[in-house]
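None of the values given here were measured: they were computed from a predicted structure. So you know, we letter chains A, B, ... as the sequences are listed, proteins then strands, and number each from 1.
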Number of protein chains: 2
Amino acid sequence: MSQQPANALAEQVYLRIKDEIFDFHLLPSDRFTETALAERYGVSRTPLRDALYRLKREGYLEVGFRSGWSVCPFDFVRFDELYDLRILIEINAVERLCQREADLPLAALKKTWLVTAAERETEPRRIAELDESFHCALVEAAGNREVSRVHAELTEKIRIIRRLDFLKEQRVDATYDEHAKLLRLILRRKSTEASILLRSHITQSKNEVRKITLHMLHEARATMQRVSTKTRAR
Amino acid sequence: MSQQPANALAEQVYLRIKDEIFDFHLLPSDRFTETALAERYGVSRTPLRDALYRLKREGYLEVGFRSGWSVCPFDFVRFDELYDLRILIEINAVERLCQREADLPLAALKKTWLVTAAERETEPRRIAELDESFHCALVEAAGNREVSRVHAELTEKIRIIRRLDFLKEQRVDATYDEHAKLLRLILRRKSTEASILLRSHITQSKNEVRKITLHMLHEARATMQRVSTKTRAR
DNA sequence: GCACCCCATGTTGAATACAAGAATGGGTTC
DNA sequence: GAACCCATTCTTGTATTCAACATGGGGTGC
């Protein structure tokens with residue numbers, strides 16, 4: 001676990017800040033300074049700045065010249081574009097999988113998603129994680145590492161709103177149903193049907209996301225934090 | 001020109017190092033230290049490290065824990081994967097353009113590529129730039145900024161070998177012919193034909209790239225440096 | 001009462017200083 | 001002569017210091 005990696009502190013701080021954004025502890029348009037954050041995390045500004053600039057390049061943060069940092073406000077057009085990119089990549093992955101004659105390495109996914117209603121996960125945060133894993137696994141199974149990398153990055157970028165989707169029970173059920181159906185179609189190499197289903201599956205998420213308002217974000221913030229403290233148990 | 005941008009030095013150094021890699025001044029597997037590079041560029045290690053870590057995350061450099069930096073060796077499998085991602089993105093862009101009924105914003109491209117043989121550019125480096133611009137412009141015209149961003153990044157990543165393609169005259173001619181043909185197909189909304197042509201166009205580049213050996217790289221290095229000094233005139 | 005100006009403070013950008021451990025070379029021993 | 005061990009040097013990771021300038025508030029002039 002504690003090997004001796006390069007840039008350990010910066011990496012840790014990077015993950016921590018990103019979590020704070022995803023958990024709504026740092027809200028869009030919140031402002032802060034390097035010194036304040038450095039003190040809060042108990043590190044110097046050097047590794048902190050490394051993390052901040054990384055997050056800036058990834059589109060999470062903005063910095064004003066000698067006038068402090070702020071969390072980027074939500075850009076729903078951008079989320080839309082990310083969802084379209086997601087559709088493009090995932091459909092391509094499914095098509096490639098369906099073209100392959102050899103056995104597909106999807107055993108782990110079958111174990112998670114082809115289960116009875118009683119065995120299904122119910123905790124929203126956990127389901128969001130499983131959902132991410134499902135889609136990432138499909139793309140990775142297609143075998144192009146560069147595509148997987150891009151897909152993993154975009155997965156992170158939509159995580160903050162994707163999580164909200166699973167606060168609604170019917171969305172959880174739909175997810176389980178559609179993942180199971182999609183898996184079966186892929187395993188039987190039904191390329192066209194699988195693509196159609198996948199497109200509609202992702203588009204549904206995209207449409208749910210469009211309904212999100214800033215008011216909902218504040219509500220969700222409370223919910224997520226309750227869930228968060230319960231889960232982390234500390 | 002000299003506004004007061006954030007992180008000016010780091011950005012400058014970043015571009016400079018990247019150019020050195022693309023121009024084969026820094027060769028794959030070359031090793032160097034932060035101190036040496038900082039002295040060479042006349043900056044301190046702080047902005048330099050920012051640039052180095054950025055290049056590391058982009059896959060150009062590696063760093064050993066307290067044991068120096070090195071330029072990543074060529075990974076031809078990765079180039080293949082990047083070309084496949086490129087095909088995926090660009091074909092999608094062309095399809096979207098063909099679906100659009102309104103006039104397409106491709107006037108600039110027509111001006112550059114629908115020209116007589118006499119008006120064609122001949123300098124390899126310049127043609128490589130034009131080729132990049134052509135493909136990036138197509139993707140940007142499709143209108144998804146996130147897709148454009150990913151495409152721009154992958155364009156940079158294959159630049160180092162793509163340039164070599166245009167050292168051969170017949171490849172230059174083919175590029176002009178195919179770009180012109182592709183543009184005309186898009187303007188007439190011939191989606192299927194355009195996609196087929198584009199796929200074959202990119203695949204040809206991809207296959208040329210596969211022929212590249214490390215021996216060729218050393219030859220190309222000399223050529224590029226000659227061209228480079230001639231062009232830059234300093 | 002209002003607008004404007006100046007100065008103190010705060011902020012990031014960059015340079016320097018310090019710490020920890022990896023690599024290297026020389027000396028010693030078998 | 002070869003292998004091994006130890007100390008020194010070198011390299012990156014992190015903290016601290018210095019510099020330039022944006023910002024905000026208080027005071028002053030009208």
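- Judged by atom type and distance alone, A:R66 reaches the base of C:dT12 through a side-chain donor-acceptor pair under 3.5 Å.
- The side chain of A:S67 places no N or O atom within less than 4.0 Å of a non-bridging phosphate oxygen (OP1 or OP2) of D:dA22.
- The shortest non-hydrogen separation linking B:L82 to B:K157 is CD1-CB, 3.8 Å.
- Following rounding to the nearest Å, A:Q12 (CD) and D:dG13 (P) show an atom-to-atom distance of 15 Å.
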Q) Run the side-chain contact (heavy atoms from CB on, under 4.5 Å) check on B:Y41 and B:L9 step by step: do they pass? A) CA-CA 10 Å; B:Y41 290 157; B:L9 268 189; over 6 Å; no
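- Contact annotation: A:R49 side-chain N/O to C:dG13 OP1/OP2 distance is under 4.0 Å.
- Look at CG on A:D50: it is 16 Å from P on C:dT12, rounded to the nearest Å.
- The aromatic rings of A:H135 and A:H201 lie parallel to each other, with less than 30° between the two planes, well short of the 60° mark.
- Taking a 4.0 Å limit (strictly below) on heavy-atom distances, residues 56-63 of chain A does not reach DNA chain C anywhere.
- Checking B:T46 against B:T35, the closest nucleotide of DNA chain D that is more toward the 5' end is the one next to B:T35.
- Aromatic pair B:Y53/B:W69: ring centres closer than 6.0 Å.
- Counting to the nearest Å, the C1' atom of C:dG13 and the CG atom of A:L52 are 13 Å from each other.
- Between the CZ atom of A:F32 and the C1' atom of C:dT11 there is a distance of 13 Å, given to the nearest Å.
- To the nearest angstrom, C1' of D:dA22 lies 16 Å from CH2 of A:W69.
- Set against C:dG13, C:dT11, D:dT12, the side chain of B:T33 has D:dT12 as its closest nucleotide.
- Closest approach of A:A141 to A:R100, counting heavy atoms only: O-NH2, 2.9 Å.
- Atom CZ in B:R31 sits about 10 Å away from atom P in D:dT12, given to the nearest Å.
- Rounded to an integer number of Å, the gap from CG of B:L37 to P of D:dT11 is 13 Å.
- Not a single donor-acceptor pair, N or O on each side, falls under 3.5 Å between the base of C:dA15 and the side chain of B:R45.
- Phosphate proximity of C:dT12 to A:Y53: absent, as no side-chain N or O sits under 4.0 Å from OP1 or OP2.
- Between the side chain of A:N7 and the main chain of A:A10, no donor-acceptor pair closer than 3.5 Å is present.
- The aromatic rings of B:F134 and B:W113 sit perpendicular, their planes meeting at an angle over 60°, well past the 30° parallel limit.
- One can place CD of B:E34 at 10 Å from P of D:dT11, the figure rounded to the nearest angstrom.
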